[in-house]
There are 2 protein chains.
Amino acid sequence: MQLDQIDKKIVGILQTNSNQTNKQIALQLNLSVTATYERIKKLEKEGVIKKYVALIDHDKVNRSFTAFCHIKLAQHTKEYISTFEKEIMQLEEVSECFHVSGDYDYILKVYVEDMKAYREFMVNKLTVLRHIGSTHSIFTINAVKNSSSIAL
Amino acid sequence: MQLDQIDKKIVGILQTNSNQTNKQIALQLNLSVTATYERIKKLEKEGVIKKYVALIDHDKVNRSFTAFCHIKLAQHTKEYISTFEKEIMQLEEVSECFHVSGDYDYILKVYVEDMKAYREFMVNKLTVLRHIGSTHSIFTINAVKNSSSIAL
DNA sequence: ACTGAAAATGTCGAACC
DNA sequence: GGTTCGACATTTTCAGT
């Protein structure tokens, strides 16, 4: 699907705040409510907009501790990779997992309550996984910017 | 604010899909529409729910290339840190920026179209920033899991 | 892309368990 | 804390143009 300038603007608006009425969005676009409605429906249908979600304040739910965990597998066979990825998906503390280039194979983003909880996560959940070679943890001191949106 | 089990369930539901009607949510909670409505409003008012956003399919808008960029500052004075953080906020390619412990000072998550665009970002936008000591880039081969939600 | 109109929801007060 | 009922305002949704 090809996005024109108006579509891109809609995507920008909805990435910032999706809880606006069609009327409010139409106003920002200088478009009628129906035209806006149809464009949004199309973006949803085509899968450009994957879904709508609520973003939670980590501090208010005791998940202020963010860590990046770099992981090296013991081997790089197809079986090791696929097993590891399946298991990592099950860990609720892991909000993101990327297969990456470089010294390590995976980078995880982990949200837990505090350092104690992170230790428990490492000892009881992560290192019990088979196939893990080594890990390296980086702790965040402060989130300077933490956005879910992408610029178009 | 103290969250009970029902609140946590609401947060879970809205983190997965916020585009449901109160009625649909109430059904999942075995609660009345009004009770559901009031709990959600409270979560919003207290700031537990920060906002609602649309999530975009990166592939469909040509931002399939994800990189983690580790950055070391030249010095660690207050002035260097504050200037760097202000400048990094302005870069639209940077969706996340964390001040971290370890060998490097910052980790950025960068979304661009491809490697060529990443090179341009590095050369024209990142390395022109003053105060940067060194950088180390890690490229993602595959996103195994990429969620915005946190488990409660 | 716009107008107009029906159907569905959001919103909230009130009375009550 | 929870429920139900009711009612108005607002929105969504869609047909016709």
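The basis for the numbers below is simple: all heavy atoms, side chains too, and nothing from hydrogens, waters or symmetry mates.
Remark: C1' of C/dA1 and CD1 of A/I40 are 15 Å apart, rounded to the nearest angstrom. Straight-line distance from the NZ atom of B/K42 to the C1' atom of D/dG1: 10 Å, rounded to whole Å. Going from atom CD1 of B/I25 over to atom P of C/dT11 covers 11 Å, rounded to whole Å. Taking atom CD of residue B/Q5 and atom P of nucleotide D/dG1, one finds them 16 Å apart after rounding to whole Å. Put simply, CG on A/L29 is 11 Å from P on C/dC2, counting in whole angstrom units. For the pair B/L31 CG and D/dT3 C1', the computed distance is 9 Å after rounding to whole Å. In this structure, B/N30 places its CG atom 13 Å from P of D/dG2, rounding to the nearest Å. Note: CG (B/L27) to C1' (C/dT9) measures 15 Å, nearest angstrom.
Comparing D/dT3, C/dT11, C/dT3 by their nearest atom to the side chain of B/S32 picks out D/dT3. Closest contact between the side chain of B/N22 and the listed nucleotides C/dG10, C/dA1, C/dC12 involves C/dG10. For B/T21, taking side-chain heavy atoms from C-beta onward, the closest of the listed nucleotides C/dA1, C/dG10, D/dT3 is C/dG10. Closest approach to the A/K23 side chain among D/dT11, C/dT9, D/dT4 is made by D/dT11 (side chain taken as heavy atoms from C-beta onward).
An OP1 or OP2 oxygen of C/dG10 is reached within less than 4.0 angstrom by no side-chain nitrogen or oxygen of B/Y37. Contact annotation: B/R39 side-chain N/O to D/dG1 OP1/OP2 distance is not under 4.0 Å.
The closest donor-acceptor contact from the side chain of B/K51 to the backbone of A/L55 lies at 3.5 Å or more, if one exists at all.
Sequence order on DNA chain D of the closest nucleotides to B/I6 and B/T34 puts B/I6 first from the 5' end.
Distance check, rounded to the nearest 0.5 Å: CG of A/D114 to CG of A/N62 gives 8.5 Å.
Ion pairing between a basic and an acidic side chain is recognised when a charged N comes within 4.0 Å of a carboxylate O; B/K145 and A/E85 show no such pairing. Between A/E38 and A/K42, none of the side-chain N atoms (NZ, or NE/NH1/NH2) sits under 4.0 Å from a carboxylate O, so this pair counts as no salt bridge.
Heavy atoms from other residues, nucleotides or ligands lying under 6.0 Å from NZ of B/K50 number more than 12.
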